[in-house]
Amino acid sequence: MSFNVAIDGPAGAGKSTIAKKVAKELGFIYVDTGAMYRAMALFLLKNNVDQEDKEAIGTKCQEADISIRYENGEQIVLLNGENVNGFIRTEEVGNMASVSSANPKLREKLVELQKKLAAETDVIMDGRDIGTCVLPNADVKVYLTASSKVRAMRRFKELEAKGLTCDLAQIEADIIERDNRDMTREHSPLKQAEDAQLVDSSDMTIDEVVEAICSLARAKM
Ligand code: DC
């Protein structure tokens, strides 16, 4: 039986940074489910699907084949066979992913792939509904969060390091809007699973969070 670690939490909580490090420590595969929703969003944008048109999203997503492969421990997302890692990290794709991921048909397709991966391999998987829907029997469940102020500041610094000028208040407003959309949608909203451990990283270093999650996992292995 494979060992599964589920990490859920809002945008910018540091899930992927932490999960990658935990995966390395434990020798697990890191599955970034947000990247799959982003690849699907990219497909919809490329095909000019209107984000308000729920029926078109449900139909069109059936034409997208999303799969993943690993190269030197890095997850490569393939959209109809093409590596799209370089195209899915934009704000436009992120916003489309946040809207289109509310669609139950689209979710069904990706959740099936996620369950299959976790059944075959020891994984640490992050997203919004991993502990609640995708892996309800995960060995370890963590709900990783941080205040919207801290998350906005982290994003601000990331953008600044790339030489981009940005408005901190606007970033925080976008984060709050995204949280609200992810938490209030009808299907698989973001919420802490009853048996998940809450980790608030607002005042923790990355290494402290990694250690906390590795300890939870080691205690169950
Ligand atoms: O984690 P991220 O920012 O890459 O995710 C992009 C969007 O995908 C996010 O706004 C909500 C959606 N998502 C989801 O609905 N369920 C998941 N398991 C992962 C992401």
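Both counts, for ligands and for their atoms, begin at 1 and track the order of listing.
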Co-membership, hydrophobic cluster, residues F87 and M36, 4.5 Å side-chain: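 Yes; tracing contacts between hydrophobic side chains, which count when under 4.5 Å, links both residues.
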
Sub-4.5 Å side-chain heavy-atom contact between I29 and D122: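 I29 does not reach D122 side chain to side chain.
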
Check: P10 and R151 side chains under 4.5 Å, non-hydrogen atoms: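 Yes - at least one pair of side-chain heavy atoms lies under 4.5 Å apart.
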
Nitrogen or oxygen atoms of [X] and ligand 1 under 3.5 Å apart:
X   : value
K15 : no
T33 : yes
R38 : yes

Pair listing, side chain to side chain donor-acceptor pair (under 3.5 Å) test, anchored in residues 133-146, at least two apart: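 Qualifying pairs: K141-D195.
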
Shortest protein heavy-atom distance from [atom], along with the residue and atom involved:
atom                    : result
atom 8 (O) of ligand 1  : Y37 CB, 3.5 Å
atom 16 (N) of ligand 1 : R107 NH2, 3.1 Å
atom 7 (C) of ligand 1  : A97 CB, 3.8 Å

Interatomic spacing from CG in D129 to NZ in K191 - rounded to 0.5 Å: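 So the CG of D129 and the NZ of K191 are separated by 10.5 Å.
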
Distance in Å, L135 CG paired with K115 NZ, rounded so as to fall on 0.5 Å steps: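 Spacing of CG (L135) from NZ (K115) equals 7.5 Å.
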
S98 contact mode with ligand 1 (heavy-atom cut-off under 4.0 Å):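 Contact part for S98 vs ligand 1: both backbone and side chain.
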
Steps toward side chain to side chain donor-acceptor pair (under 3.5 Å) verdict (E172, S148): CA-CA 6 Å; E172 189 180 1; S148 58; 2.8 Å; yes

When you measure from [atom] to each heavy atom in [options], which option holds the nearest one?
atom                    : options                : value
atom 12 (C) of ligand 1 : G127, A102, S101       : S101
atom 10 (O) of ligand 1 : D182, D129, L190, D179 : D182
atom 9 (C) of ligand 1  : R128, M36, M96, Q114   : R128

V150: hydrophobic cluster co-members (side-chain, 4.5 Å):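 Traced through the cluster, V150 reaches no other member.
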
Atom indices of ligand 1 within 4.0 angstrom of R178 heavy atoms, with elements: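 What qualifies from ligand 1 is 3 (O), 10 (O).
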
